[in-house]
Amino acid sequence: MSRLRARFFERDPVTCARELIGCRLVWHGCVGRIVETEAYDAADDPACHTWVRPSARAFVASHQAGDAYVYLSFGNHWLFNILVKGPTAAGFVLLRALEPVAGHDLMRERRGAAVKDARLAAGPGCLGRALGMDRAAHGLGFLGREDCGIFQGEGVGICAGPRIGISLATELPWRFGDPGSASLSRRF
DNA sequence: GCCAGGATGTTA
DNA sequence: AACATCCTGGCG
């Protein structure tokens with residue numbers, strides 16, 4: 001299985017978001033198959049943080065492709081994005097859902113014993129919680145770390161639809177997923 | 001099953 | 001004031 005390098009993220013966010021479906025995320029003892037992502041474009045996407053946040057624009061300028069962009073949403077949910085930054089485009093890919101592959105015990109500890117395995121990281125907030133995400137991960141170049149990374153997966157059917165939970169640019173079909181997965185945050 | 005509402009902290 | 005969310009409870 002081949003490890004994704006920063007080069008993978010030196011392309012436009014929509015392409016990256018789509019091609020991440022089916023890949024495996026390794027994160028400090030947890031492994032999950034990426035089954036849902038969203039793309040956010042730094043150039044002209046009103047839903048992207050760069051649209052209204054100088055701090056997000058500064059992040060893009062001062063970090064490298066593949067670095068983690070992590071922030072707190074609604075006061076309790078750490079959302080895990082990956083910086084995409086190439087010659088002609090920049091933005092973020094939000095990781096929205098994983099199918100647990102390994103580290104179930106760790107994830108269950110953080111999410112609660114009652115949560116079904118398939119639902120441990122089924123949603124961006126749940127994913128952050130399951131992985132133990134917090135501000136310490138923000139800005140981290142994790143692709144090359146021993147205990148972290150993303151690895152190529154087998155090809156799967158990928159579908160697209162409108163992004164979830166936003167109020168601007170809702171017409172863009174920039175949510176991607178494996179429609180057969182039981183770990184989607186919502187059905188397509 | 002579906003929907004409305006509240007918790008909660010950071011940014012601007 | 002808004003927000004890239006989640007869980008609960010009320011109602012069919």
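Being a predicted model, the structure only gives us computed values, none of them experimental. Lettering of chains follows the sequences in order, A, B, ..., and the numbering in each one begins at 1.
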Just checking A/Arg53: base, sugar-phosphate only, or nothing, at a heavy-atom cut-off of under 4.0 Å?
sugar-phosphate
Side-chain contact test, heavy atoms from C-beta onward, threshold under 4.5 Å: evaluate it for A/Ile150 versus A/Cys23 and give yes or no.
yes
Using a 4.0 Å heavy-atom cut-off, does A/Ile166 contact any base of the nucleic acid, only the sugar-phosphate backbone, or nothing at all?
sugar-phosphate
Whether A/Phe142 and A/Trp27 hold their rings parallel, tilted or perpendicular, with breakpoints at 30° and 60°:
perpendicular
Considering every strand and a 4.0 Å limit on heavy-atom distances, what is the contact class for A/Arg129: base, sugar-phosphate, or nothing?
nothing
Rounded to whole angstroms, how far apart are CH2 on A/Trp78 and C1' on B/dT8?
12 Å
Greater than 12 external heavy atoms within 6.0 Å of A/Glu154's CD
no
For the residue pair A/Arg11 and A/Phe8, would you count it as a cation-pi contact if the rule is NZ or CZ under 6.0 angstrom from the ring centre and within 45 degrees of the ring axis?
yes
Under 6.0 Å between ring centres, would you say that holds for A/Tyr71 and A/His138?
no
If you measure from CD on A/Gln152 to CG on A/Leu4, what distance do you get to the nearest 0.5 Å?
5.5 Å
What I want to check is whether the side chains of A/Arg57 and A/Thr50 have a donor and an acceptor closer together than 3.5 Å.
no
Can you list, by residue number, the residues of residues 68-75 of chain A that have a non-hydrogen atom closer than 4.0 angstrom to DNA chain B?
A/Leu72, A/Phe74, A/Gly75
Sugar-phosphate only, base, or nothing, as touched by A/Arg186 at under 4.0 Å among non-hydrogen atoms
nothing
Under a plain distance cut-off of 3.5 Å, with no hydrogens placed, do A/Tyr69 and A/His63 share a side-chain donor-acceptor pair?
no
Using a 4.0 Å heavy-atom cut-off across all strands, classify A/Ser185 as base, sugar-phosphate, or nothing.
nothing
Reading DNA chain C 5' to 3', how would its secondary structure be written in dot-bracket notation, given Watson-Crick and G-U pairs with both distances under 3.5 Å, brackets [ ] for crossing pairs and | for partners on other strands?
|||.|||||||.
Rounding to 0.5 Å, atoms CG (A/Leu131) and CG (A/Leu106) come to a distance of 10.0 Å
Nucleotide interval of DNA chain C bounded by contacts with chain A (heavy-atom cut-off, under 4.0 Å)
C/dC3 to C/dC7
What nucleic acid atoms does A/Arg135 come within less than 4.0 Å of, heavy atoms only: base, sugar-phosphate, or nothing?
sugar-phosphate
Counting only heavy atoms not in A/Arg163, do more than 12 fall under 6.0 Å of its CZ?
yes
Do the two ring centres, one from A/Tyr40 and one from A/Phe92, sit under 6.0 Å apart?
no
